[in-house]
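Written out below as C-alpha cells is the structure these notes cover.
Just so we're on the same page: letters track the sequence lines, and every chain starts at 1. Computed over heavy atoms, backbone and side chain alike; hydrogens, waters and symmetry mates excluded.
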Amino acid sequence: MIDYKNELNKGQYEAVVRTDTPLLVLAGAGTGKTRVITYRIAYLINEIGIDPERILAVTFTNKAAEEMKHRLRSLVGTAAGSVWMGTFHSISLRILRRDGQTVGLKPGFGVIDQDDRMSLFREVIKTLRIDHKKYPPKQYMNKISWFKNTPQYVEGQIPDAGAFHRVDEVFREYQKRLDEQFLIDFDDMLSLTIRMFEASEEVRQYYSAMFEHILVDEYQDTNAIQFMFLRLLAGRSGRICVVGDDDQSIYGWRGADIRNILEFDKHFSDVEVVKLTENYRSTADIIARANTLIKNNAMRRGKELTAHLETEGALEHLSLLNETSEADFVTKTIARYAEEGISYGDMAVLYRTNAQSRNFEVNLNKTGIPYKVVGGTAFYQRREIKDLLSYLRFFDNSFDSVSFSRSLTTPSRGIGTTTIDKIREFASKNAVSLTEAVKQMFSAFGRGQQEAFRQYITTLDHLASFTKVSDMVNAVIERTGYKEYVLANESEEEAKKRIENIFELYNAAVAFEETSPEGTLTDFLASTSLSSSTDETAGDRVSLMTIHSAKGLEFDTVFLTGLENGLFPLYGSIDEPELMEEERRLCYVGITRAKRNLYVTCAESRIIYGNRTVSARSYFLEEMGFEKAKAVLAPSSRQFSDRFQNYSRRPSRTQNKEPLAPSKAGRKVRHEKFGEGVVINTTGEGAAEKAEVFFKNAGGLKKIVTAFLTFVDE
DNA sequence: ATCAGAGGTGTTTTT
DNA sequence: CACCTCTGAT
C-alpha cells in the first residue's frame with residue numbers, strides 16, 4: 001500500500017491526484033519530477049483502477065523510459081510492464097507497425113539510421129548534379145528534416161522551391177528513394193502517425209479511446225508536431241498531464257517550441273497548474289547561484305527554487321590558463337575526491353561542445369581514472385556493428401539498397417560500386433528486389449563475380465534457417481569471416497576493440513530476446529536505429545558529457561567547464577537574445593546537476609580549430625555572482641598575444657596562418673627505433689608536423705611526426 | 001578495386 | 001584540428 005500523503009509533499013501530492021482535468025506540472029530541477037510521474041501512474045492503476053495498458057507515458061530518451069519503468073515496478077510490480085512507455089519516436093513506431101498500412105506502409109518497413117540517411121542524401125545530390133561544395137548534402141538533410149517536423153508537412157505540403165536551391169527536387173528524389181526501399185526515416189515516425197490519425201478517424205478514435213491517461217515528461221522540449229500528436233489523442237479537455245520546466249528548455253535548435261509549455265493553458269481547457277519549487281537535490285548555495293542566473297531571462301513563467309539541503313561541500317569558480325590546466329585541475333580534484341571516498345560514478349565533467357572532451361580524456365587517461373564519454377559514437381553507429389548489421393538489414397528487407405551495397409562490399413569480395421550501381425539501376429527500372437535483380441543479371445557477370453555472388457547469397461539464405469535473432473547475428477559473424485577481415489586490416493589493438501564490440505552485438509541480441517520475447521528481426525533492427533549513445537550505461541566511472549546529455553541526471557560532484565564567451569555562450573548566440581536565453585537555460589541545467597560540489601571553470605585561452613585563441617570570461621559567471629577569480633597558474637600569455645585572436649566570433653580562416661616553422665631540412669636527428677638520420681624536408685606544423693627523414697641504417701626514407709625526433713648536435 | 005595522400009571543409013547541442 | 005571526399009597511382 002502506498003501512503004501518497006506521506007511520501008509526497010503537498011505540491012507533488014496535488015500533481016498526483018488531480019486526474020480529472022488537463023494538468024500542467026511546472027517542476028523545477030530536483031523537485032521530484034520523476035517521483036510525481038511514477039506515483040501518478042501508480043495512483044491511476046491502484047486507486048482509480050485504470051488498466052495499465054491504457055496509460056501512455058512519453059519520455060525524452062529511451063534510457064529515461066527504462067528508468068521510469070524500473071521505478072514504477074517497485075511501486076506497482078509487473079503491471080509496470082504493460083504501461084505504454086517510451087519516446088515519441090518509439091511509441092509512434094509501435095503504432096505504425098500495427099496500423100501503418102492505412103498510410104501505405106508495407107508491413108515489414110525498415111528504419112533508416114542517421115548515417116545511411118546522410119549517404120542517401122549524398123547520392124541524391126549527385127544524381128541531381130547539384131554542386132555538393134556549394135550546397136552540402138548535410139544542409140539539405142537538415143532542412144528537410146526540419147521541414148518534416150512542421151505542421152505544414154504533416155498536412156501534406158512539400159518544401160517550397162524558393163526556400164533553398166532546388167530543395168523541392170531533392171526532397172522528392174530523397175523521398176522517392178526511401179519509398180522504393182520501403183524505408184522510413186526518423187522524422188517520418190511522428191509525421192506519418194499524425195497523418196494517419198488525421199486520415200482515418202477510425203484509427204485516431206481507437207488510440208484516443210485506448211489511452212485513457214497521457215503523461216508527458218520534459219514537456220518544455222516538445223515541438224509543434226509532438227503537440228499535434230498529443231492533441232489528437234487527448235482532445236481539448238482530455239486526461240493529459242504534462243511535466244516540465246520552462247527554465248530547462250534547451251532544444252529550441254531542434255525545433256522544440258517553448259510556447260508549448262508557456263501557453264499550455266491556452267491549448268487545453270480547464271487546465272490546472274501545479275508548481276513544484278522545493279529542491280531536494282542540491283545544497284542551498286548551489287540553488288542560490290542557479291536562481292540568480294536564471295533571473296536574467298525574460299521569457300519564462302517565473303519561479304524560484306527553494307533549497308532543502310543546507311550548504312556543505314564546495315562551490316568554486318576557477319580561471320585557468322588554458323585548456324590543459326583546466327583539465328589538470330579537474331583531474332586532480334577528481335583524484336582528491338576519490339581518495340576521500342566519493343565514487344567515480346558520482347562525478348561528472350560537463351561541457352558545451354563534444355570537442356572539449358578530448359583534453360579531459362587525455363588527462364584522465366594519464367592518471368588512470370576510469371571515465372566514460374557519454375555521447376560519443378553510439379554503439380550501433382560503430383563501423384563493425386553497422387557492417388554486420390547491414391547483412392541483417394538486407395536480409396530483412398531486400399529493397400534496402402544502402403545495406404545491400406554495404407554488406408556486399410565488406411569484407412571486400414571483388415564487387416565494387418560500378419557493379420552495384422548497375423544492379424540498383426536494373427532493380428529500380430524493373431521494380432524488382434535487389435536479390436531478384438542479381439538473379440536475372442547473373443549470366444552477365446564474370447566468373448569471379450558469379451562466385452562471389454553465390455557465396456553472398458548462400459550466406460543470406462542461411463540466415464533464413466534461424467528464428468532467433470541472436471542466432472542470426474551469430475551466423476553473420478561466423479559466415480562472413482568478418483573477424484578475420486578485421487584482424488587482417490587493423491592494428492592488433494584496434495582489432496581487439498572491434499572484436500569485443502562484435503561479441504557485444506551478440507550480447508545485445510540475446511538481451512533483446514529477453515526483453516522482447518515476441519520481437520522479430522525487424523523489431524531488433526528498428527531498436528538499433530532508435531538507440532543513441534546516451535542510452536548506454538556508465539558503471540563506476542567519471543562521466544564526461546555535454547550539458548545537453550546531462551539533462552535529467554544528477555551527480556554529487558560536477559565540473560562545469562569552458563565558461564568563456566564564444567564557447568559558452570557559444571558564438572552566434574551572443575547577439576541573439578532568444579538564443580542567449582537558451583544558452584543561459586543550458587547553464588542553469590548544468591548548475592542544477594550538482595548535489596554537493598560544484599566547480600565552474602574557464603580558461604583564458606584554448607586551441608580552437610588548431611588556433612590558440614584568447615577568450616573573455618563568460619557573461620554567465622558574473623550573472624551567477626562569481627567575481628573575477630584569482631587566476632590559477634598566472635597567465636604569461638602576453639608574449640604570445642599577437643598570435644592570439646579573440647574568440648567572440650567565429651574564427652576566420654585566412655587571418656590566422658601561423659608563420660611556417662623555420663626549415664629543419666638538412667639537420668641531423670635521432671629516432672628511438674631508427675637511429676640517426678637526416679631531415680630531407682618537413683610538412684605540417686605544430687603537433688602535426690612531419691619530417692621526411694633519411695635513416696642510413698634503417699631502411700632509408702621515412703615520414704615521421706617530428707615529436708618523435710630529437711636533434712643531434714653537430 | 002583498392003589505397004594512400006592531398007586538399008578542402010566544417011563544427012553546437014540529438015530523438 | 002580532425003574528418004571527409006576526391007584523386008591518382010598501383
Please report the distance, rounded to the nearest Å, between [atom1] in [X] and [atom2] in [N].
{"X": "A:Tyr571", "N": "B:dT13", "atom1": "OH", "atom2": "C1'", "result": "12 Å"}
{"X": "A:Asp221", "N": "B:dT12", "atom1": "CG", "atom2": "P", "result": "19 Å"}
{"X": "A:Asn359", "N": "C:dC1", "atom1": "CG", "atom2": "C1'", "result": "12 Å"}
{"X": "A:Arg117", "N": "B:dT14", "atom1": "CZ", "atom2": "P", "result": "16 Å"}
{"X": "A:Met545", "N": "B:dT14", "atom1": "CE", "atom2": "C1'", "result": "15 Å"}
{"X": "A:Lys148", "N": "B:dT15", "atom1": "NZ", "atom2": "C1'", "result": "15 Å"}
{"X": "A:Phe568", "N": "B:dT12", "atom1": "CZ", "atom2": "P", "result": "15 Å"}
{"X": "A:Gln139", "N": "B:dT12", "atom1": "CD", "atom2": "P", "result": "11 Å"}

Under 6.0 Å from the ring centre and within 45 degrees of the ring axis: does the NZ or CZ of A:Arg97 meet both conditions for the six-membered ring of A:Phe109?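 Ring-cation test returns yes.
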Is there, by distance only and without an angle test, a donor paired with an acceptor across the side chain of A:Arg352 and the base of B:dT13 below 3.5 Å?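 Check passes, donor-acceptor contact within cut-off.
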Could you tell me whether the side chain of A:Trp253 has a donor or acceptor atom within less than 3.5 Å of a complementary atom in the base of B:dT12?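 Looking at the base of B:dT12, it does not pair with any donor or acceptor on the side chain of A:Trp253 (distance under 3.5 Å).
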Identify which nucleotide among [options] has an atom closest to any side-chain atom of [X], counting heavy atoms from C-beta outward.
{"X": "A:His89", "options": "B:dT15, C:dA2, B:dT13", "result": "B:dT15"}
{"X": "A:Thr353", "options": "C:dA2, B:dT14, B:dT12", "result": "B:dT12"}
{"X": "A:Thr546", "options": "B:dT12, B:dT15, B:dT14", "result": "B:dT14"}

Between [Y] and [X], is there a side-chain donor-acceptor contact under 3.5 Å, judged purely by atom types and distance?
{"X": "A:Ser145", "Y": "A:Asp187", "result": "yes"}
{"X": "A:Tyr174", "Y": "A:Asp185", "result": "yes"}
{"X": "A:Glu451", "Y": "A:Gln449", "result": "no"}

Can A:Asn322 and A:Ser325 be said to form a side-chain hydrogen bond (donor to acceptor under 3.5 Å, both in side chains), step by step? CA-CA 5 Å; A:Asn322 55 37; A:Ser325 25; 2.9 Å; yes
Which is true for A:Phe60 with a 4.0 Å heavy-atom rule: it touches a base, it touches only sugar-phosphate, or it touches nothing?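 Sugar-phosphate: the residue A:Phe60, judged by heavy atoms under 4.0 Å, touches backbone atoms but no base.
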Below 4.0 angstrom from OP1 or OP2 of [N], is there any side-chain N or O of [X]?
{"X": "A:Asn354", "N": "B:dT14", "value": "yes"}
{"X": "A:Ser549", "N": "B:dT14", "value": "yes"}
{"X": "A:Thr61", "N": "B:dT14", "value": "no"}

Is it the case that the side chain of A:Glu576 and the backbone of A:Ser573 share a donor-acceptor pair, with hydrogens and angles ignored and the cut-off at 3.5 Å?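 Judged by distance alone, no pair lies under 3.5 Å.
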Sort me out a list of protein N/O and nucleotides 1-4 of chain B N/O pairs below 3.5 Å, or just none if empty.
from, atom 1, to, atom 2, distance (Å)
B:dA1, OP1, A:Gly416, N, 2.7
B:dA1, OP2, A:Thr418, OG1, 3.2
B:dT2, OP1, A:Ser412, OG, 3.4

Considering residues at least two apart in sequence or located in another chain, which fulfil the side chain to side chain contact (heavy atoms under 4.5 Å, CB included) criterion with A:Glu484?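 A:Glu484: no side chain to side chain contact (heavy atoms under 4.5 Å, CB included) contacts found.
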Pairs under 3.5 Å (N/O, protein and nucleotides 5-8 of chain C):
from, atom 1, to, atom 2, distance (Å)
C:dT5, OP1, A:Arg122, NE, 2.7
C:dT5, OP1, A:Arg122, NH1, 3.1
C:dT5, OP1, A:Arg122, NH2, 2.9

Given the side-chain rings of [X] and [Y], with only the six-membered ring counted for Trp, is the space between their centroids under 6.0 Å?
{"X": "A:Tyr371", "Y": "A:Phe360", "value": "no"}
{"X": "A:Phe524", "Y": "A:Phe512", "value": "yes"}
{"X": "A:Tyr251", "Y": "A:His548", "value": "yes"}

Position toward the 5' end of DNA chain B (nearest nucleotide), A:Arg254 or A:Lys138: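 Its nearest nucleotide lies further toward 5', so the answer is A:Lys138.
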